[in-house]
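The structure appears below as structure tokens.
We count ligands from 1, going down the list as the structure has it; atoms in each ligand are counted the same way.
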Amino acid sequence: MSGNNGFISIQNVDKYFGSFQAINDVSMTVGHGEFFSLLGASGCGKTTLLRMLAGFENPSSGEIYIDGQPMSDVPPHMRPVNMVFQNYAIFPHLNVRDNIAYGLRKQKLPKARRDDMVDEMLELIKLPHYGNRKANQLSGGQRQRIALARALILRPKVLLLDEPLGALDKQLREQMQLELRALQRTVGITFVFVTHDQEEALTLSDRIAVMSRGEVLQLDTPGGLYERPQGREVASFIGTMNFFDGQVRGQTAEAISVEAAGLGVLSIPETKGRFVEGESVQIALRPEKLELMDAAPTDGSESTKGVLQNAAYLGERSHYYVKVDGHETPIAVSAQNRFDGSFAVEEGKPVWLTWRDEAAVVLR
Ligand SMILES: Nc1ncnc2c1ncn2[C@@H]1O[C@H](COP(=O)(O)OP(=O)(O)O)[C@@H](O)[C@H]1O
Ligand SMILES: [Mg+2]
């Protein structure tokens, strides 16, 4: 019946291992051709969910549909999915061509046809001259490309990727992220990608499900998660966030007025939630939404005075930590180190912070 809204539809899925609940009532849909990520700390249930899509595990309750078909009675090798793992699951004794063609061996294909398909894959992963190399003569990044090609040559409707870049060093990982994204666009196959690395998820994904303790906390676009987190856990998991204790002073159809400790009264656009006067809330404000100045603003914009506690120079930008009265933790401020206007002030000196109220998020 309702298995059709979404290319992959996960409906009220629970998974128990003995008495331990690894997945708790997860429902979501993934669109056709979407680059979809499951993001969360180690142990939150990402691999378990992916293995249920692959058919290596079955839900304890609930149902998974792929391309409109319920999967509960479909064994792994009959599902229109393929999986790529973190540890390059390729055969060291086979050359690159034979590794890529490995999954085709059961299909009765003419040799010329199979060779064409392998050539096409070698082009796709940008290793056209590596066909005769032994897999153990390849770098980590190259081996992961082979693993991708081996999965893609079978033309799955869905590719499942379990932290496939996790074993690569930072620079190579960032390069592979761009390649993976471009490759997914080219083949148009639905990707479900698992990572614990929030930057990686933001870079790659059309949408992301943020998971914690077997549940989905928020499912949104990268921009939505970053700019409009729905709770404190998501807000602090994605990027750096300043939190302020607040009290609701009033609400109109467009905005909510909140008195935030250390910031004063903010008027924040908020149309969904209904709040009562006096209610305790949290105000979240990203470090780059704050601006640091060495004098009070003269244009009448809102500001708060503080003391610069310390600064960290990071090359392209600097992080500043500012202590303000009424707010215990120093406020993090991030600023680009521009050629003309780099902010230079001594630690211990007074500074002023400004911001736009619209940049703040109200959390319950
Ligand atoms: N086969 C299993 N038997 C018992 N517990 C398991 C099994 N597989 C996973 N778990 C537990 O389920 C939870 C989620 O695991 P997993 O899905 O691997 O997390 P992630 O991939 O997000 O790190 C963990 O607490 C893990 O120990
Ligand atoms: Mg895992």
Side-chain angles (χ1 to χ4, degrees), residues 8-30 34-64 66 71-72 74-77 79 81-90 140 143-144 147-148 151 156 158-170 173 176-177 180 184 190-205 207-220 222 225 229-239:
I8 299 172
S9 175
I10 298 172
Q11 295 184 3
N12 306 103
V13 164
D14 292 313
K15 179 65 184 178
Y16 286 88
F17 294 110
S19 61
F20 174 75
Q21 188 167 16
I23 296 293
N24 183 4
D25 194 25
V26 165
S27 295
M28 63 173 95
T29 60
V30 179
E34 195 169 18
F35 199 124
F36 190 93
S37 293
L38 303 172
L39 171 67
S42 178
C44 72
K46 307 180 295 294
T47 295
T48 301
L49 199 54
L50 209 64
R51 287 173 58 80
M52 288 194 283
L53 291 171
F56 302 139
E57 298 283 353
N58 283 314
S60 306
S61 59
E63 183 62 275
I64 293 173
I66 299 178
M71 288 290 120
S72 48
V74 184
H77 67 279
R79 296 192 182 196
V81 307
N82 215 319
M83 193 148 165
V84 176
F85 303 89
Q86 175 175 336
N87 48 352
Y88 335 103
I90 57 175
R143 272 183 271 183
Q144 248 347 29
L148 269 172
V158 178
L159 191 63
L160 307 171
L161 305 103
D162 196 355
E163 315 226 13
L165 311 181
L168 306 177
D169 62 50
K170 185 169 156 50
R173 200 167 73 218
M176 285 287 288
Q177 285 168 4
L180 193 62
Q184 190 267 342
T190 306
F191 276 28
V192 182
F193 182 92
V194 161
T195 183
H196 66 270
D197 179 333
Q198 41 111 355
E199 256 180 64
E200 183 162 282
L202 294 179
T203 305
L204 286 170
S205 317
R207 288 189 309 150
I208 301 168
V210 181
M211 294 180 64
S212 174
R213 294 178 297 275
E215 294 181 39
V216 173
L217 297 177
Q218 188 171 348
L219 197 166
D220 215 326
L225 287 176
Q230 278 162 17
R232 182 159 178 149
E233 205 174 342
V234 172
S236 50
F237 187 69
I238 313 268

Please tabulate protein-ligand N/O pairs under 3.5 Å for ligand 1, atom names and distances to 0.1 Å.
from     : atom 1 : to    : atom 2 : distance (Å)
ligand 1 : 17 (O) : Thr47 : N      : 3.4
ligand 1 : 17 (O) : Thr48 : N      : 2.9
ligand 1 : 17 (O) : Thr48 : OG1    : 2.5
ligand 1 : 19 (O) : Gly45 : N      : 3.3
ligand 1 : 21 (O) : Thr47 : N      : 2.9
ligand 1 : 21 (O) : Thr47 : OG1    : 2.8
ligand 1 : 22 (O) : Cys44 : N      : 3.2
ligand 1 : 22 (O) : Gly45 : N      : 3.0
ligand 1 : 22 (O) : Lys46 : N      : 2.9
ligand 1 : 22 (O) : Lys46 : NZ     : 2.9
ligand 1 : 23 (O) : Gly43 : N      : 2.6

Side chain to side chain contact (heavy atoms under 4.5 Å, CB included) assessment of Asn24 paired with Asp14:
CA-CA 5 Å; Asn24 183 4; Asp14 292 313; 3.9 Å; yes
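- From Leu165, atom CG reaches atom CD of Gln177 across 6.0 Å, with rounding to the nearest 0.5 Å.
- Note that CZ of Phe191 is 10.0 Å distant from CG of Leu160, once rounded to the nearest 0.5 Å.
- For residue Thr47, an N/O/S atom approaches the Mg ion (ligand 2) to within less than 2.8 Å.
- Atom CG of Leu168 and atom CZ of Arg143 lie 10.0 Å apart (nearest 0.5 Å).
- Here the side chains of Asn12 and Asp25 are in contact, with some heavy-atom distance below 4.5 Å.
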Starting from the C-alpha separation in whole Å, work towards a yes-or-no answer on side chain to side chain contact (heavy atoms under 4.5 Å, CB included) for Gln184 and Leu204.
CA-CA 10 Å; Gln184 190 267 342; Leu204 286 170; over 6 Å; no
